[in-house]
Structure formats: structure tokens, C-alpha cells
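Everything on this sheet refers to the single structure shown next.
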Amino acid sequence: MFKLDITPEVQSALDENRPVVALESTIITHGMPWPQNYDMAVSVEQVIRDAGAVPATIAVLKGQIKIGLADADLRDLAQTPDARKLSRADLAICMVQGATGATTVAATMILAHLAGIKTFATGGIGGVHRGAEHSFDISADLQELAQTPVTVVAAGAKAILDIPKTLEVLETLGVPVITYGQSELPAFWSRTSGLVSPLRMDTAKDIAQAHIMRGALNIQGGQLIANPVPHADEIPQSDIDPIIAQAIQEAEDQKISAKAVTPFLLGRIFELTQGRSLKTNISLVLNNARLAAEIAKEMSDL
Ligand code: PSU
Ligand code: MN
């Protein structure tokens, strides 16, 4: 029916039970501009290798599932802004049509799990959008966390979202939201959100053990690890909040909806901060990759 096209580097790590960290590709095609997106994708893979794990960037190229991307493919994809944005609903259709698509958190979790990868690093997950009581815009990433057993390391839910509502939905879905190393939930570009994190853990080993314990208990779904952005690159909430509000207002005025909302907001915030948001976004992705590599190493030891 289909085959997973796994690079030899990733395949041998999986065969030998060495640590592997999955990476998504929507952040490359829809989350950042060229060429910073390509530079970020290369650096994040390097950070994972330096930490002693193997990176597996995931995408669908001409209908083929790729677990690990060759450099030329990564470079091409980073220059394909019209690649499809693939969530759970879109994956099978993209394959049947032989199309190229970048995987969101949800689709990356599905494919990572198929390949036997348990740890995944990204920037921020999708969640409940502000005004969702009218738009019903709730990311499929939340449902996926409820059903697919992958530990996802993010810097919290993206601050463009309604974070309290996102936490409520995650609680309803039975997804553990675990902040690493502090008691306050981080908010993507900022280390603070004003919200107490539902759970806290201070070591990669505890996070790995919790993942394995869930499996042993036969509890479906994954874990969300919220890893605060490094101090040096943080944008304080008071600086970013008015900019987020302006970007959301513009999205409403221009009737941006569905899949286009998140890419529009990230792009406008990049422009309105003259690139500062992008620098922070790259920093937090690299930071998440480092933690994910530590978690993956603990999982393969267990
Ligand atoms: N994190 C980032 N930038 C991004 C995304 C995450 O730092 O662009 C992407 C992820 O792929 C996530 C998606 O799954 O945004 C959420 O989109 P939506 O809100 O439409 O579900
Ligand atoms: Mn949405």
C-alpha cells in the first residue's frame, strides 16, 4: 500500500534502539521565511546530533512519506511555500494524489509513531484560537495528543492562541501538560503566561518514565512538554501582547480562516517585530530539540 522512506541514518538508529527525535516540516514551509527556515532546519538537526541523538525531519514528498530528509530535499522543501499543510485529515489524500506536503504537529505525530519514534521537538503546538466560541477554530494537534503516543516538546502553546481554553481542552482530552523546570506555563515567545502549569517535571528521565508508564497503563495518547524559551531570547509578554492583538485584528478584517490563520499570524508578527519574533522562534526550537534529545536518550535507556 505504501512504504515509509526512512533514511539509513534513522533506520539504523531505530534498529539498534538508539535515540531518535522527530521534527515537523510545517514550521519550515508555513512558519518561517526562506532562508531562515532552511538554516533553522539544518541547525535543529545539528543540535540533536550534538546531543547524541538522531534527527528525523518528516514530510510527504511527491506522495512518499519521508522519515528523515536528505539535505537537497530539505532545501527544496524550504523553498516550496505552496506545499500542502498536512494534518490528520490531509495525509492519505496527499499520498494518493502524489503531492508534496509539510506535516503539522498532528501529522508528524502520526508518522513518527508509525516509524517507532517516541519523541518529537517543535516550536509551539496548535490549540484553541481566541474567539473559538464563534469560529470553532481548535487545532487538530490537540486531538492528536489525545490519541497518539508521542512525547511532544514545545515552548507551550503559541501565544497567538487562547491559552486558558487550550489548557481546558487538553485537560478534557486527558493530555498531560508538563512544564520543564518551572511552575508557570510558558507562552512560546515569553517564559511567563500568568498561568500555573498543570504539571511540572525537572528531569528528562522523569519525562521519559512518565511516557513509558502511560503505555504500561494502556492509556492512549502522548504528553505535551512545555519548555520555556531561554532567558536571553525571550520577548516579554508586555512587548508581544499588543503585537499579537494587532495581527489578530488584521486577520479578522481580512477574513483569514481555517489553515491560513496560524501562518498569517506568525508572518505578520514577524513583520511587526522587525524579525525579533523569528529570532526567538528559532532559539526556542533549538532549545526544545536539546531537551527532546535528552528525553529520547532516557527512553532508549529504559
Ligand atoms: N510551531 C512553530 N511554527 C509553526 C507551527 C508550530 O513554531 O508554524 C505549526 C505546527 O505545524 C502546528 C501548526 O501543528 O503550526 C498549527 O496549525 P493550526 O493552528 O492550523 O492547527
Ligand atoms: Mn485551525
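Atoms within each ligand, like the ligands themselves, are counted from 1 in listed order.
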Could you list the atoms of ligand 1 found under 4.0 angstrom from a heavy atom of [X]?
X	value
His129	19 (O)
Leu266	3 (N), 4 (C), 8 (O)
Phe188	7 (O)
Ser139	18 (P), 21 (O)
Lys85	17 (O), 18 (P), 20 (O)
Asn281	7 (O)

Ignoring hydrogens, just give me the one of Val261, Thr26, Asp141 whose non-hydrogen atom is nearest atom 12 (C) of ligand 1. Asp141

Between His30, Lys158, Glu144, Lys259, flag the one that comes closest to atom 13 (C) of ligand 1 by a heavy atom. Lys158

Among the N/O/S atoms of Asp137, the Mn ion (ligand 2) lies closest to OD1

Report the residue from Arg191, Lys279, Arg276 that forms a salt bridge (Lys or Arg N to Asp or Glu O under 4.0 Å) with Asp233. Lys279

So, taking the atom named OG1 in Thr26 and the one named CD1 in Ile58, what distance separates them when rounded to the nearest 0.5 Å? 11.5 Å

May I ask you to identify, for Val105, whether its side chain, its backbone, both or neither come under 4.0 Å of ligand 1 on a heavy-atom basis? both

Quiz question: by atom type and distance under 3.5 Å, do the side chains of Thr151 and His211 form a donor-acceptor pair? yes

With a 4.5 Å cut-off on side-chain heavy-atom distances among I, L, V, M, F, W and Y, is there a chain of contacts connecting Ile163 to Ile240? no

